[in-house]
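Read through the structure below, which is laid out as structure tokens, and then see the notes.
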Amino acid sequence: MSRAKINELLSERHRRFSPLQRLLHRASAQQSWTAQLRALLPEPLCRDCVVTEINGPVVVILCSNAASATRLRFMAQDLLSELTQLGDFRTAQEIHIRVAGH
């Protein structure tokens with residue numbers, strides 16, 4: 001990709017953010033959400049879970065395997081109570097848990 005094209009993608013000449021800026025912002029938000037979630041989970045489980053989306057009242061968590069997803073499902077109600085104390089999750093009312101690859 002040429003330097004001019006990269007500079008164009010990064011520039012704020014667009015009325016809204018460029019596609020690359022939106023993608024970078026979303027990736028940053030997902031990292032922040034995941035760090036907050038992992039701080040609340042026990043050690044072996046925290047490495048298997050990432051927050052992929054917060055869409056209004058729904059928090060979507062992706063687990064790397066079915067065992068972690070099952071364990072997280074048992075913790076979901078208590079976890080939701082703890083998450084809603086955090087700013088990014090204050091509107092959360094439900095957790096959807098997905099298994100990677102499914």
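- Side chain of Thr84 to backbone of Leu80: a donor-acceptor contact under 3.5 angstrom is found.
- Residue Arg38 holds its CZ atom at 10.0 Å from CD of Glu43, rounded to the nearest 0.5 Å.
- Annotation: side chain of Met75 is in contact with side chain of Leu45 (closest heavy-atom distance under 4.5 Å).
- The shortest heavy-atom contact between Leu41 and Cys46 is CB-CB, 3.8 Å.
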Q: May I have the step-by-step check of side chain to side chain contact (heavy atoms under 4.5 Å, CB included) for Ile61 and Ile95, ending in yes or no?
A: CA-CA 7 Å; Ile61 300 174; Ile95 296 175; 3.7 Å; yes
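- Cys49 SG to Asn65 CG: the interatomic distance, rounded to the nearest 0.5 Å, is 8.0 Å.
- In this structure, the side-chain contact (heavy atoms from CB on, under 4.5 Å) partners of Glu94, at least two apart in sequence or on a different chain, are Val58, His96.
- Side-chain heavy atoms closer than 4.5 Å link hydrophobic residues (I, L, V, M, F, W, Y) into clusters, and following such links, possibly through other members, connects Trp33 to Ile97.
- Partners of Thr70 according to the side-chain contact (heavy atoms from CB on, under 4.5 Å) rule, which considers only residues two or more places apart in sequence or in another chain, are Arg73, Phe74.
- Applying the under-4.5 Å side-chain rule to Ile, Leu, Val, Met, Phe, Trp and Tyr, the cluster around Val50 extends to Leu62.
- Between Arg90 atom CZ and Ile54 atom CD1 the span is 10.0 Å, to the nearest 0.5 Å.
- Atom CG of Leu40 is separated from atom CG of Leu83 by 5.5 Å, given to the nearest 0.5 angstrom.
- For the atom pair OG of Ser64 and CG of Asp48, the computed distance is 3.5 Å after rounding to the nearest 0.5 Å.
- No hydrogens or angles considered: nothing links the side chains of Gln30 and Thr34 as a donor-acceptor pair under 3.5 Å.
- Between Thr52 and Arg26 the shortest heavy-atom distance is O-NH2, 3.1 Å.
- Contact annotation: the side chain of Asn55 never approaches that of Val60 to less than 4.5 Å [non-hydrogen atoms, C-beta and beyond].
- Between Val99 and Ala69, the closest heavy-atom pair is CG2-CB, 3.6 Å.
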